[in-house]
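To find a chain, count down the sequence lines: A is the first, B the second, and so on, and within it residues start at 1. Side chains included, hydrogens not; waters and symmetry mates left out as well; all remaining heavy atoms used.
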There are 2 protein chains.
Amino acid sequence: MTRKTSTKLEDIARAAGVSKMTVSRVMRGGTGFSDATRDKVLAEADRLQYLPNRIAATFGSTETSTLVGLCVPRFTSSLFGHVTESIQSNLSRLGYQTVIGSHDQIAKDEELWLKTLAAWRPAGILLAGTRHTPDTIELLKNLSVPVIELWDLTTDPLDMAVGFSHFDCGLTMGRYVAQQGRRQIGYVGAMAGIDTMGRARQHGFEAAMAEADLPLAAKEIAHDHPSFYTGFVGTENILARNPGLDALYYHDDEMAIGGIAYLNRHGIRIKDDIGIAGWGGMEAASILPERLTTTDIPAGALGKVAAEKLVTRLRGDAVDDVTVVATRLIPGNTV
Amino acid sequence: MTRKTSTKLEDIARAAGVSKMTVSRVMRGGTGFSDATRDKVLAEADRLQYLPNRIAATFGSTETSTLVGLCVPRFTSSLFGHVTESIQSNLSRLGYQTVIGSHDQIAKDEELWLKTLAAWRPAGILLAGTRHTPDTIELLKNLSVPVIELWDLTTDPLDMAVGFSHFDCGLTMGRYVAQQGRRQIGYVGAMAGIDTMGRARQHGFEAAMAEADLPLAAKEIAHDHPSFYTGFVGTENILARNPGLDALYYHDDEMAIGGIAYLNRHGIRIKDDIGIAGWGGMEAASILPERLTTTDIPAGALGKVAAEKLVTRLRGDAVDDVTVVATRLIPGNTV
DNA sequence: AGGCAATTTGTTATCGATAACAAATTGCGA
DNA sequence: TCGCAATTTGTTATCGATAACAAATTGCCT
C-alpha cells in the first residue's frame, strides 16, 4: 500500500541540513533557533510546498486539537446565522477551526453530535441552548474542555455562558406594552418541539402582565417553526377567537412581520387599532412603514465575545463564568 | 509531563483478554472476529467508557480524515443557511464532520481558509462559488481530494459541481417578464465586493431583454449586501431617475420585498402600476398579498445532493461531474 | 479421523509530528 | 584567553491507532 506522500518536516530538515526538531520549532514560530536557521528552513519549506499536518501535530502533542465545536438549533434562522458567522470568523482569526452541528431543539441530537465531535479531541465547545441530556452533561465533564453555552442565561451554566436572559426580554417588553396603556394583550408564538428560549420570553412577558394585574388575554402557539407564515396565520387565529385584543407580543420579529402583513391586508391599523411587538431586532423590520417595537439582539457581538472568551480561557487566563450581552428594547412606533 | 489519559484500545484489549488489533476490528464494525469476541469487547468498551480517538485513527490510517470543509460567502443569507443546514445534517448522517469557513466573496479569504483546512487532511471540500485564486486552484489540485463547487454552473468545474445556472435564471425570468407585456424594465441589484452569481442573473436577464429588442431601461446597483433595506432604497432611487418603469427585476426576493414595501408606502400598485420579480423563492414572500413572481431555489435539495455525491465519490463509486438542480420559475401574481 | 480452506486472532512496523532531555555552540565578562 | 551561562541544535521515546502479514483455530468434507 502506498502511503500518503506529501512533504514532511523530515524532507525540509534534510534539504536545510538541520534536524526535524529544529524545523518543527521554526514552523511553530517560537524561539530556540537562529535567524539564519529560520530563514533557511522557511525557504526550504516554501520551496517544497510544505503543508502542515495538524493530524500528526495534534497526535504528537499533549495539547488538544485546534478544532472547536459549535452546535446550534439550526442555521436557517437569521440570528443563529449571525452568531455562526461571527463565531467562525473570530475563531478563525484566533487560530481555531469550527466544526458545526445542529440539533433542531432535540437534545438527543446534540448528544450524538457531541460524541462524534469528542473523538476529535476539540479544544473547546460552544453550545446554543441550555437543554442537554444527562449523557451530554457527563460527557462534557469527562472531556474536561472549556464549554460555553450561548444564548440563554436563565439557568446555571455547565462551565461558562455568554448571552442574556430571555425571561428578562419578555418581562421588559411586557412592562413596556402595559405602560403604553394596552389592556387586552395576546401572545403569538411558535414551538416546534421544545424551544426553551421562546418560552422563557413568553413567561417573562406573562410575569409582567401579572405585575400589572393584566392577565394575558389570549395565547396562540403554532406547532411549527417560527416564520412569517406562522405569524400571519397565528394572528388570524388569535383575532378570530379574541377580536377585542389591543396588543400582540410575538415570538420574534419574523412572526411579527407576518402578523403585520395579515393586519395590513384586513385594514386593521397598526398601533391605532392594535399594538405590535416583536423580538430579535431583525433587519427585515426596517422596511415597515413604522419602526417595529422590538428587542434588539447583538448576535454578532455575542459570537465575538464567546469566541474571544473561549480562546482567553484556552490560553490559561482567567475569565468570568458568565458574560451578559446587553439587549435593548427598541420602542419603535408600533405599540 | 502527564499525557492525555483516557481509555484506549489497549485498555479494552487487556480487559477483554484479546489483542488491541482485535478491538480495533470490532470497534470499526467490519468482519474478522467471532460473535463472542465482539460482545466481550463491546461490553468492556462500554464499561470503560471508551471514546474513539479520530486523531490517532486518522494518523494511523492511509485514509484521509472524516472531516469535510464547507466554505460559503456567509451564513446570514437565507439560502446559504439552508444549504449549510442540509449539508451538515446529511454529511453527519453519512459519518462525516463539517468544518466551516466563510469568505464574503473575497477569493483570498477562501484561500486562507483552505490552507488551514488542508492541514486537517480533509476527505472532501465543498465550495460555494466559482471564483478562486490561482493558489487555491493549485492547492486543490495538490490535495487530490474530491471538490464540489456549489451554486453556479456557468463555468467549468474544477472537479465536480452541483447547482444551476444563474444566467439561465435571469434569462428565463427576463423572457417571462417581456412576455407579460412589460416594456420599461429595470434591474435592482446589490453587490458588496464581487458577486458573480447575482451578476450572472443580471446578465441572463439582459440577454433576454436583448432577445426581445427591449434594452434594459434602468439599472440600480447598491454597493452593499442584498437586504430588505437595499431593495427599499434601490427602488426609491431607480424610480426617482426613471418614473416610467413598468417592471423591476431584483437581485433576490429579500430586495424585492423591500421594494414592494417602498411601493406600498407610496401608493404604487404592484402589477397594475409596476411588475415585480425576485429570485430565491424566499419563504418570507408568503406573507405578501399576492404571490411573488420569483425563481424557486431548492437549497435543501442542493445540499443533500452535494453531500451524497461527495460521499459516493469517497466510497469509490462513479459520479457525474456536474449535477444540475432544477430551479423553477414561480409565475406568482406580481408581474 | 485427517486434511484443507475459511475464519479468527495476534505480532510487528508504521504514520509525522512533539516532549524531554542531552549535546554543541555562542557570547561575554573577568 | 578562559570559563560559565545562555542560546542553539540534536537524539530518542512517544502519542494511539491501523496496515500487512503470520499464526492459530474452527468447520466441513471425504
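Of all nucleotides listed (D:dG16, C:dA17, C:dT8), C:dT8 comes nearest to the side chain of B:S34. Closest to the side chain of B:A56, out of C:dT8, D:dG16, C:dG16, is D:dG16. Here the side chain of B:S61 is nearest to one of D:dG10, D:dA19, C:dG16, namely D:dA19. For A:M21, counting side-chain heavy atoms from C-beta on, the closest listed nucleotide (C:dT9, D:dA17, D:dG10) is D:dG10. Comparing D:dG10, D:dA19, C:dA17 by their nearest atom to the side chain of A:S19 picks out D:dG10. In the set D:dA17, C:dT9, C:dA17, D:dA17 carries the atom at the smallest distance from any side-chain atom of B:K8.
Nucleic acid contact for B:T31: none, since no nucleic acid atom lies under 4.0 Å from a heavy atom of the residue. B:T22 comes within 4.0 angstrom of sugar-phosphate atoms only, judged by non-hydrogen atoms across all strands, and of no base.
Side-chain atoms of B:E149 and B:T130 include no donor-acceptor pair closer than 3.5 Å. Side-chain contact of B:S61 with B:T58: a donor-acceptor pair under 3.5 Å is absent, judged by distance alone.
Spacing between atom CZ of A:F33 and atom C1' of D:dT8 amounts to 10 Å, rounded to whole angstrom units. Whole-Å rounding puts the B:R38 CZ to C:dT7 C1' distance at 15 Å. Going from atom CD of A:E63 over to atom C1' of D:dG16 covers 17 Å, rounded to whole Å. Taking atom CD of B:E10 as the reference point, atom P of D:dT14 lies 12 Å away to the nearest angstrom. One atom, CG of A:L9, and another, P of D:dG10, lie 14 Å apart when rounded to the nearest Å. Atom CZ in B:F59 sits roughly 12 Å away from atom P in D:dG16 (whole-Å rounding). We find that CE of A:M27 is positioned 9 Å from P of C:dA17, with the value rounded to whole Å. A straight line from CG of A:D35 to P of C:dT25 spans 20 Å, rounded to a whole angstrom.
With a 3.5 Å ceiling on both atom-pair distances, the Watson-Crick or G-U wobble partner of C:dG27 is D:dC4. Within the shown strands, C:dG2 is the pairing partner of D:dC29 under the Watson-Crick or G-U definition, both distances less than 3.5 Å.
Side-chain N/O atoms of B:K20 and base N/O atoms of D:dA17 include a donor-acceptor pair closer than 3.5 Å. Donor-acceptor pairing under 3.5 Å, judged by distance alone, is present between the side chain of B:R25 and the base of C:dG10.
At least one side-chain nitrogen or oxygen of A:Y50 sits closer than 4.0 Å to the OP1 or OP2 atom of C:dA17. Checking the phosphate oxygens (OP1, OP2) of C:dA19, a side-chain nitrogen or oxygen of A:R28 falls inside 4.0 Å.
The aromatic rings of B:F80 and B:W151 are tilted relative to each other, their planes meeting at an angle between 30° and 60°.
Remark: B:T312 pairs with no residue by the side chain to side chain donor-acceptor pair (under 3.5 Å) rule, at least two apart or across chains.
Between A:D320 and A:K309 there is no salt bridge, since no side-chain nitrogen of the basic residue lies less than 4.0 Å from a carboxylate oxygen of the acidic one.
The distance from the CZ atom of A:R54 to the CG atom of A:L67 is 8.0 Å, given to the nearest 0.5 Å.
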